[in-house]
Amino acid sequence: MAVMTESALVRRRGLGRRFGGNKAMTLSIGVLTLFVLVALFAPWLAPHDPNAVSLANSLQGTSADHLLGTDQSGRDVLSRLIYGARSSLLGPLGVVVGATLLGVTIGVVAAWRGGWVDTALSRAIELIFAFPGVLLAILLVSVLSAGLKATVLALAIAYTPYMARMTRSAALSERHRPYIRALEIQGFPAVSIIVRHLLPNIAPLVLAQASLCFGYAMIDLAGLSFLGFGVQPPQADWGAMISEGQVALLQGAPLSALAPGVLIVCAVVGFSLIGEGVADRIRRADR
Amino acid sequence: MTAQHPVTRVEKLRRTYDHGKVVAVNDISFEVPVGGSLGIVGESGSGKTTTAKLIVGLEEPDSGRIFFDGQEIGTGSSRKLRRQRARTVQLVFQDPYQSLDPRQTVGGAIDEVLRLHTELSTSAFAKRRAELLEQVGLGVREAAALPRELSGGQRQRVAIARALAANPRLLVLDEAVAALDVSIQAQILNLLSEIRRETGVALVFVSHDLEVVRWVADDVVVMFRGSIIESGPTAEVLQRPEHPYTRLLLSSVPRLGWDPAQVSQARREFLATQ
């Protein structure tokens, strides 16, 4: 019985470390959770209609009615930030989910099959690597049409190599560990070994890489929105708001461009810290 | 009635690496009788682990044949062949810390193998599961544990239970106790002898440790540079070794009054004659 309580204690300590060990990571998780909640409950939180134009009220400073002032069309900046959280978070999420699904599939297949399959997939991945993501996005936007969907699709493809390369190397080292060998000898089908054993064991690594990619994807998407390829006006989006706020910046009302910029930085730093934190924990556990 | 076939017969097995430049296993032949136990001894690099891998199908031989119960199971890695092999021969790995999925509980690992290889009803399934755990001396608590919560000896018991789950005729143990403490080694070796007596499963021990082999193997083959240089009943070979290499191996076992320098000297002299 004594042994039993001991193992329970060990596990609880692990849980404690998961949430309390790394302060920066805890803070990041807190901030990002807040962002997600804001995005989810935007209609209840926003004090104004984010798209209500009122030219008479353009470029107002901070006031009780408009906490962060208005932009040059007289729209409430705070409301636009709150609604903008939706596309600003959903966009990178789409990129990361797409890149992860594609990248993990490619990486695992390459690692598992080896030989010419590995060579062919690795070369294909390098080919995409050589192609700048933003350029790919512009290309795709010109084929499809400007908007969140085209840019997300393009960036998902552009981010696939990062996920695929990492997954391949992780899967490769996992594949040659005796426990995978043991399952192979048992005669389990490859697919079930991969899904039930290999993937869960490399999942933390994939997660760390995915959350790093989330931050980068956010910057890229904001950049594309800034250039006018991503989210189209009048829809609220942090990247697009910076773009629209350029003029306001020069006219001495910096908040409409600055505020979304600050939020982007917070989110990107948050995701990077989480990614680093997860990766760090894996390194520690491996030792 | 025809004479009973040996569990395993290996005929002129050969495996080379690096396009034939390195001969890991050189035309070796041996038999394991039903319920028998064979020790394969040799130093690192003698080809004994490759032999183990060939038997269980982790590697394919360049030439030679392997029979199980008088029948040849094709070499290859198709799912059907692997499964057919698994029901005949199972491998227990050297490192009990590496051979179990770190995220799977002991019970889960055994259940998974039972589901793959048997079609038992729910009650028979639970019974078989309990029987396997009991056979290797593990309790309900261990069944619910993850590998990292167990000791090396316990993990090796799990690996043995999992290997037995497919009801194999032959269990190949590749240095299966080498990573364990001496006292735990003895426990595991006793356990294996017991399992052999109870279930009639034949054992192949691959080991560099002559004491281990003396303890558990009826017969022994001594390998040197990929070839079998001596074979016979264990007691006989270890009492009256005929080949100088076997004598060298015997003198290398640490014991009272043992002089490492002398052993190294003898080893150099022996290798110079080869």
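First the proteins, then the strands, lettered A, B, ... as listed; each starts at 1.
Across Q90(B), R83(B), R162(B), R82(B), a single residue satisfies side-chain hydrogen bond (donor to acceptor under 3.5 Å, both in side chains) together with Q186(A), and that is Q90(B).
Ranked by heavy-atom pairs shorter than 4.5 Å toward chain B, the options P200(A), A190(A), S192(A) are led by P200(A). The most heavy-atom pairs under 4.5 Å with chain A, out of D95(B), L100(B), V92(B), V56(B), come from L100(B).
Proximity to chain B at a heavy-atom threshold of 4.5 Å picks out nothing from residues 103-128 of chain A.
Looking at R87(B), there are no atoms closer than 4.5 Å to chain A (heavy atoms on both sides), in backbone or side chain. Proximity to chain A (any heavy atom under 4.5 Å) is shown, for Q98(B), by both the backbone and the side chain.
Environment of CZ in F41(A): sparse, with no more than 12 heavy atoms of neighbouring residues, nucleotides or ligands closer than 6.0 Å. By the 6.0 Å contact criterion, CD on E198(B) is enclosed, its count of non-hydrogen atoms from other residues, nucleotides or ligands being greater than 12. Surrounding OH of Y162(A) are at most 12 heavy atoms belonging to other residues, nucleotides or ligands under 6.0 Å away. Crowding of Y216(A) atom OH: a count of heavy atoms from other residues, nucleotides or ligands under 6.0 Å not exceeding 12.
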- Test side chain to side chain contact (heavy atoms under 4.5 Å, CB included) on Y179(A) and Q104(B) and set out the steps. CA-CA 11 Å; Y179(A) 80 90; Q104(B) 193 176 35; over 6 Å; no
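Nearest heavy-atom pair across I185(A) and F93(B) is CD1-CZ, 4.0 Å. Across all their heavy atoms, A182(A) and S99(B) have their closest contact at CB-O, 4.2 Å.
For the pair R181(A)/L91(B), no side-chain contact is recorded, criterion being any heavy-atom separation below 4.5 Å from C-beta on.
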